[in-house]
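These numbers come from the heavy atoms of this one structure, side chains and all, not from hydrogens, waters or symmetry mates.
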Amino acid sequence: MTSALHAMATRKATVRLVPLLFIAYFFSYLDRTNVGLAKSALEADLGISAAAYGFGAGIFFISYAVFEIPSNLILHRVGPRRWIARIAISWGLISAAMMFIQDPVSFYVLRFLLGAAEAGLYPGLMYVVTVWFAQKDRARIVGYLLLATSAAHILGSPLGGVLLSFDGSLGLHGWQWMFVIEGLPAAAIGIAIWFVLPDRPRDARWLTATEANALTDAADPAPGQRGEAGLLSRFLSPIIVTVAAIYLLNQVAGSGLVFFGPAVIQSLGVSGSFTIGALTGLAGVGTIAGLLVAPQLLRRFGNEVRLMASSLAGTIASTVSFFLASSGVMKFAMIVCIGFFLSGVLPLFWSVTMAQISGRTAAAALAFVNTVGVSGGFFGPYLFGIAEETTGNSASGLWILVGSAVISLALLPILANALRRRTPPSSESAPSPQPSDVTPA
């Protein structure tokens, strides 16, 4: 009966929470990456070079990383509802303000402010998963949320292509239309989150008291261990640090591909903003497949490290095959495969991390892992930009994917050894919690 009750409560939480969080992450990813479609237009209209574009695209992740941990600790203190709403409203308004870019400096400033505004959103979403869902369900829920990135590519890229075609309407460039039309809905989502998102199971009116307790108990299997002692040592454990390093390399590769993907597709002989946007979106099919397949493989085989190794090997093989392929169709197919392997490893990262932490430690550790990872979001586009300027070929940056995957493979034995030696995670919550007020892991 307890298992059936928890399963029913989990289904309710999935239906109520995942769509809302999905939409929030969809718009955040759309608003941080739509600049990739504007790359050529910004160069033509404002004289922003490939290297300057790469620096501006990447500087978002610097401010994001700086404010990541403080943001998530505030989220733990004030609750996800208030803080995620604040994040969405502020990033939406700043994203719309990107229409006022005049030169490289204003481009850098607005991208920096956008990163600061959005800081803490993704680890905040991961924290919500630890509060509401049992460990056995987390990889699946994270996979669902990460589908928002694929949806942003598949739907956002063609939409961005259409908006870019508005060039000249009402005296505005197409990229200005894109930024304002795609930015303002995020602020509306933030308002909706303020009124709809419960902070924890006991706050949800659509759950009975027994269902709320079932979710809390399953998400926090060791509620007896509390306190702040060891916070730093817990979230800087060998497992967390190694996962963060591998995630960093994944983001170097993934962010470079995201921001230079349209340029890589254009280098295959594709022309027209709508066609480039549509093909960029179509490439997201591989990402969707990876995010759906990886959690299922984990439930069946139960070994994150081996699955990570398979994904990294697949990334290397797909990238090398891209350069060996003689036709544009085959090269595009390899881009789809690269997306499959790069995305498939992501739920595995977070499954490993969430199993080690809880409470305030979870807020700090999830932000720490994502902070390290998003630093790769700066280096990836910047390195891709340098590679393009050096070789004159947008696709040359794909070799960065090979290097990142090779180093990650070398780190996996360290992670496997740390996991074998792990101890049961402790659990911290807000000060002086009541039995029904525990923030679970």
Side-chain angles (χ1 to χ4, degrees), residues 61 65-66 68-70 72-73 76 120 122-123 126-127 129-130 134-136 138-139 142 219-222 224-254 294-295 297-298 301-313 315 342 344-377 379 403-429 440-441:
F61 297 98
V66 168
E68 188 91 301
I69 293 177
N72 228 37
L73 290 175
H76 178 264
Y122 183 70
M126 297 300 99
Y127 177 77
V129 173
T130 70
Q135 176 63 24
K136 66 183 180 65
R138 288 171 181 170
V142 170
D220 188 1
Q225 299 177 17
R226 309 285 175 203
E228 300 299 323
L231 173 64
L232 186 62
S233 63
R234 291 297 306 174
F235 86 79
L236 291 182
S237 68
I239 295 174
I240 301 301
V241 171
T242 306
V243 169
I246 299 173
Y247 186 44
L248 165 67
L249 294 164
N250 174 272
Q251 292 302 289
V252 167
L297 292 176
L298 180 60
F301 299 107
N303 192 310
E304 291 98 340
V305 175
R306 290 180 182 176
L307 291 174
M308 286 183 196
S310 299
S311 294
L312 292 168
T315 299
L342 282 178
V345 78
L346 293 174
L348 308 177
F349 290 145
W350 297 108
S351 176
V352 170
T353 304
M354 290 175 181
Q356 314 304 314
I357 51 178
S358 61
R360 187 168 182 263
T361 301
L366 292 170
F368 170 76
V369 171
N370 203 55
T371 295
V372 175
V374 298
S375 299
F379 293 108
S404 297
V406 169
I407 299 172
S408 296
L409 279 172
L411 291 173
L412 283 183
I414 300 174
L415 177 60
N417 183 60
L419 286 171
R420 282 193 296 268
R421 300 168 55 188
R422 68 184 171 182
T423 56
S426 63
S427 178
E428 299 89 22
S429 66

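The line from CG of L298 to CG of L307 is 6.0 Å long, rounded to the nearest 0.5 Å. Atom CG of L415 and atom CZ of R420 lie 9.5 Å apart (nearest 0.5 Å). One finds the CG atom of L342 at 9.0 Å from the OG atom of S311 (value rounded to the nearest 0.5 Å). In this structure, CE on M308 lies 11.0 Å from CG on L411, to the nearest 0.5 angstrom. Rounding to the nearest 0.5 Å gives a distance of 7.0 Å between CD of E304 and CG of L419. In this structure, OH on Y247 lies 10.0 Å from OG1 on T371, to the nearest 0.5 angstrom.
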Item to complete: Using the side-chain contact (heavy atoms from CB on, under 4.5 Å) rule, take I414 and N417 through it: C-alpha gap first, then chi angles, then the decisive distance, then the call.
Response: CA-CA 5 Å; I414 300 174; N417 183 60; 5.9 Å; no

Worksheet item: Taking it one step at a time, do V345 and I246 satisfy side-chain contact (heavy atoms from CB on, under 4.5 Å)?
Response: CA-CA 10 Å; V345 78; I246 299 173; 5.9 Å; no

Fill in: Candidate pair Y122 and Y127, rule side-chain contact (heavy atoms from CB on, under 4.5 Å), full reasoning
CA-CA 9 Å; Y122 183 70; Y127 177 77; over 6 Å; no

Item to complete: Please assess W350 against V369 for the test side-chain contact (heavy atoms from CB on, under 4.5 Å), listing each intermediate value before the final yes or no.
Response: CA-CA 9 Å; W350 297 108; V369 171; 3.8 Å; yes

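The shortest side-chain heavy-atom distance between R306 and L348 does not fall under the 4.5 Å cut-off.
For the residue pair A139 and P295, the shortest heavy atom distance occurs at O-CG, 3.6 Å. A pairwise comparison of heavy atoms in V142 and P347 identifies CG1-CA, 4.2 Å as the closest pair. In terms of heavy-atom proximity, S408 sits nearest to L312 at CB-CD1, 3.6 Å. The heavy-atom pair separating E68 from G120 by the smallest distance is OE1-N, 2.7 Å.
In this structure, the side chain to side chain contact (heavy atoms under 4.5 Å, CB included) partners of S404, at least two apart in sequence or on a different chain, are L249, V252, A253, I400.
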